[in-house]
There are 2 protein chains.
Amino acid sequence: MTVTLADVAARAQVSPATVSRVLNGNYPVAASTRERVLKAVDELDYVLNGPASALAAATSDLVGILVNDIADPFFGIMASAIQAEIGGPGGRAGGERLAVVCNTGGSPERELTYLTLLQRQRAAAVVLTGGAIEGAAHRAAMDAKLRKLADAGTRVVLCGRPPAPEAGAIALTFDNRGGGRELTEHLIGLGHRRLGYIAGPEERTTTRHRLEGHRAALAAHGIEEDPRWTVHGRYDRRSGYEATLELLRRDPTLTAFVAANDTVALGACAALRDSGLRIPQDVSVAGFDDLPFSIDAVPALTTVRLPLAEAGARAGRIAMGREEPPPGGIASVRGELMVRGSSGVPRA
Amino acid sequence: MTVTLADVAARAQVSPATVSRVLNGNYPVAASTRERVLKAVDELDYVLNGPASALAAATSDLVGILVNDIADPFFGIMASAIQAEIGGPGGRAGGERLAVVCNTGGSPERELTYLTLLQRQRAAAVVLTGGAIEGAAHRAAMDAKLRKLADAGTRVVLCGRPPAPEAGAIALTFDNRGGGRELTEHLIGLGHRRLGYIAGPEERTTTRHRLEGHRAALAAHGIEEDPRWTVHGRYDRRSGYEATLELLRRDPTLTAFVAANDTVALGACAALRDSGLRIPQDVSVAGFDDLPFSIDAVPALTTVRLPLAEAGARAGRIAMGREEPPPGGIASVRGELMVRGSSGVPRA
DNA sequence: GTCTACATAGAAAGCGCTTGCTGTCACGTT
DNA sequence: AACGTGACAGCAAGCGCTTTCTATGTAGAC
């Protein structure tokens with residue numbers, strides 16, 4: 001029925017061992033023999049049995065990439081960059097690896113389960129992207145799982161996620177706090193004193209860090225924040241729209257709206273427009289991430305650019321052992337403030 | 001070192017066979033025994049060896065999802081919906097499956113290689129999303145590969161891709177031609193007679209079908225098309241921007257710009273704005289897909305909504321054998337014209 | 001011309017799991 | 001009282017590959 005190594009061996013008149021060695025290319029095989037084997041492989045249209053090979057060799061060529069939301073370009077861009085470096089097909093030489101992206105949907109259980117599944121497959125490496133989920137219990141469970149993976153030989157890399165020293169993972173962290181602070185300082189510099197903040201889900205580290213940066217900027221400039229100026233929601237447009245309306249209701253005198261990310265900012269812009277406010281003449285808006293579409297907003301979005309693709313590529317290389325991990329296993333990746341049309345001087 | 005089935009068996013004082021049966025739950029095991037085994041599994045922190053299990057059972061719980069560009073929400077949305085149905089962790093009961101998305105980047109080789117890798121892993125199912133790559137050779141190679149997969153027991157489903165009868169795959173096709181036609185007819189209905197078309201890459205079926213629909217509409221209304229009115233490019237914003245500038249250069253009297261998709265349309269809008277043209281007063285713009293951000297464009301984009309999530313979910317269910325395939329194995333999914341602010345009556 | 005060394009090929013022992021088949025009880029039947 | 005009959009549990013044979021160790025042939029080395 002299905003062609004096996006033995007079939008190829010028979011056809012090439014060699015032993016299965018030799019065929020295996022030709023295929024793996026890590027043992028001397030005479031050129032003539034190799035050729036004969038390759039010919040047989042081709043003629044028989046032989047495809048290696050992955051599970052069998054993984055079982056015998058005790059390693060697999062799977063590399064897992066965990067993302068919170070695959071439909072969100074924030075993750076898509078990182079995943080794409082990681083995958084390009086992993087090799088996937090067409091990547092660098094050295095044995096093709098199957099880079100698989102797993103969508104956790106931001107659920108703690110799914111995150112854990114995917115990790116188990118990956119562990120079960122004896123994945124060669126795992127890259128976790130984006131913010132982590134807050135909560136001591138989950139955090140501990142994750143750390144334990146990651147450590148177990150690492151101990152089993154799976155390389156674990158965090159990309160855009162806070163370090164997990166307990167887990168012994170390499171971390172490329174985004175400086176969300178610094179970026180958030182810089183962004184808000186820009187707004188303050190323009191003269192804004194009443195700033196609304198549309199935050200993400202409470203249970204995400206990304207949310208907390210960005211908000212902390214925002215508040216740090218406020219505090220540094222002696223601006224006292226009204227608790228009503230912050231609204232939490234999901235990381236999507238719809239949520240941004242509604243949160244903005246809510247903010248407007250709570251305090252119509254706000255002059256600037258800082259969103260947790262660009263997608264949310266877009267929703268905010270829509271809400272403001274629908275409320276008859278002009279950007280940036282009446283109110284300023286700022287996002288975070290600098291996703292590709294942000295420059296197309298009208299006016300273009302002031303935001304903090306995160307080097308998503310670069311960080312992803314680096315994480316991918318580290319996961320493949322093709323680049324040295326940063327000293328201490330932790331590196332902080334900074335964002336860059338992009339001042340564009342959506343932020344301006346507040347109305348007198 | 002690593003815990004195996006045998007260890008669990010020893011601890012629970014049963015045979016490995018029994019442990020396996022408890023874990024797979026497809027054979028009667030006394031409740032008390034089951035409990036003992038489960039306890040041992042838990043205490044030992046046992047994780048099944050995926051490859052070994054796949055080898056012995058001759059099936060795996062991997063499901064592959066092929067996408068052309070993971071950073072593009074068009075694919076992200078479909079992938080997300082498919083994955084949700086596949087089960088991934090947290091999905092329906094019945095054994096967790098590892099839904100993996102593979103990013104082909106639109107490269108024929110990578111597409112084929114991923115399929116081989118999936119075949120190698122003895123994937124349970126494979127879903128191919130989005131347009132196919134044109135070209136008889138590649139097409140034949142794909143069909144052969146898909147057929148082989150299907151013959152090996154892997155369920156193959158196409159989502160948003162033209163049918164491949166040769167390959168014996170289930171296909172959920174988007175009616176790109178019909179949508180393209182309807183869209184252009186809307187523009188013609190508004191009075192446009194000089195329409196520029198910003199097409200995608202030539203070698204994609206999606207590109208061709210949408211363009212054919214556009215031309216069919218033109219022909220149906222007796223509008224003769226100037227070959228200069230079509231420009232090909234990539235499916236991204238940048239490309240849309242440049243193509244639009246080129247179109248403007250070739251014929252500044254165009255009154256409407258139809259883009260291959262929403263992302264491209266956004267680029268087109270930017271180019272038009274930068275050229276001092278107002279939308280829709282001076283020129284109309286239309287996209288395709290109705291991605292989430294399209295409604296946020298200013299003005300909101302007239303486009304054709306494709307039920308990406310619905311189609312993906314259905315494809316996922318079919319792949320899992322939880323829904324009957326459409327009669328004949330082929331279903332055409334229609335788009336819906338969304339008329340919004342970006343299209344209007346041409347200037348007199 | 002015998003001996004050591006190297007290059008290459010094969011034999012065979014698993015890797016950790018699944019599953020068909022074979023027991024072994026404890027019951028309910030006749 | 002003898003006997004089918006389920007309900008469970010275990011044995012053991014692989015699944016298809018990798019890899020260690022061993023065998024063989026050939027080429028220099030002395």
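Hydrogens, waters and symmetry mates are skipped; everything else that's a heavy atom, side chains included, is used. Letters A, B, ... are given to chains in the order of the sequence lines, protein chains preceding strands, and every chain is numbered from 1. On a predicted model such as this, the values are computed, not experimentally measured, just so you know.
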Passes side chain to side chain donor-acceptor pair (under 3.5 Å), B:Thr18 versus B:Ser15? Steps please. CA-CA 5 Å; B:Thr18 301; B:Ser15 71; 3.2 Å; yes
Go through B:Ser53 and B:Asn49 one step at a time and tell me if the side chain to side chain donor-acceptor pair (under 3.5 Å) criterion holds. CA-CA 6 Å; B:Ser53 149; B:Asn49 182 316; over 6 Å; no
Check this for me: B:Glu35, atom CD, are more than 12 non-hydrogen atoms of other residues, nucleotides or ligands nearer than 6.0 Å? no
Please list residues of residues 30-42 of chain B whose heavy atoms come under 4.0 Å from any atom in DNA chain D, ordered by number; otherwise none. B:Ala30, B:Thr33
Quick one: closest heavy-atom pair of A:Asp143 and A:Ala164, and the distance? OD1-CB, 3.7 Å
Working for side-chain contact (heavy atoms from CB on, under 4.5 Å), residues A:Met320 and A:Glu85: CA-CA 8 Å; A:Met320 298 306 287; A:Glu85 290 292 337; 5.7 Å; no
Residues, nucleotides or ligands: over 12 heavy atoms within 6.0 Å of A:Glu323 CD: yes
Does the B:Asn103 side chain pair with the main chain of B:Ile70, one donor and one acceptor, at a distance under 3.5 Å? yes
Does the pair A:Leu115 and A:Leu128 meet the rule for a side-chain contact (heavy atoms from CB on, under 4.5 Å), with working shown? CA-CA 10 Å; A:Leu115 249 22; A:Leu128 304 170; 4.1 Å; yes
Dump the intermediate steps for side chain to side chain donor-acceptor pair (under 3.5 Å) on B:Glu203 and B:His138, then the final yes or no. CA-CA 11 Å; B:Glu203 68 285 1; B:His138 180 63; over 6 Å; no
Report the C-alpha separation of B:Val63 and B:Val100 in whole Å, then their side-chain angles, then the decisive distance to 0.1 Å, and conclude whether the side-chain contact (heavy atoms from CB on, under 4.5 Å) test is met. CA-CA 6 Å; B:Val63 174; B:Val100 305; over 6 Å; no
Expected string for nucleotides 12-21 of chain C under the B/S/- scheme (protein heavy atoms, under 4.0 Å, primed atoms plus P, OP1, OP2 as sugar-phosphate) is --BBBBBBBB
Rounded (10°) bend between the five-pair end axes of the helix from C:dG1-D:dC30 to C:dT30-D:dA1: 40°
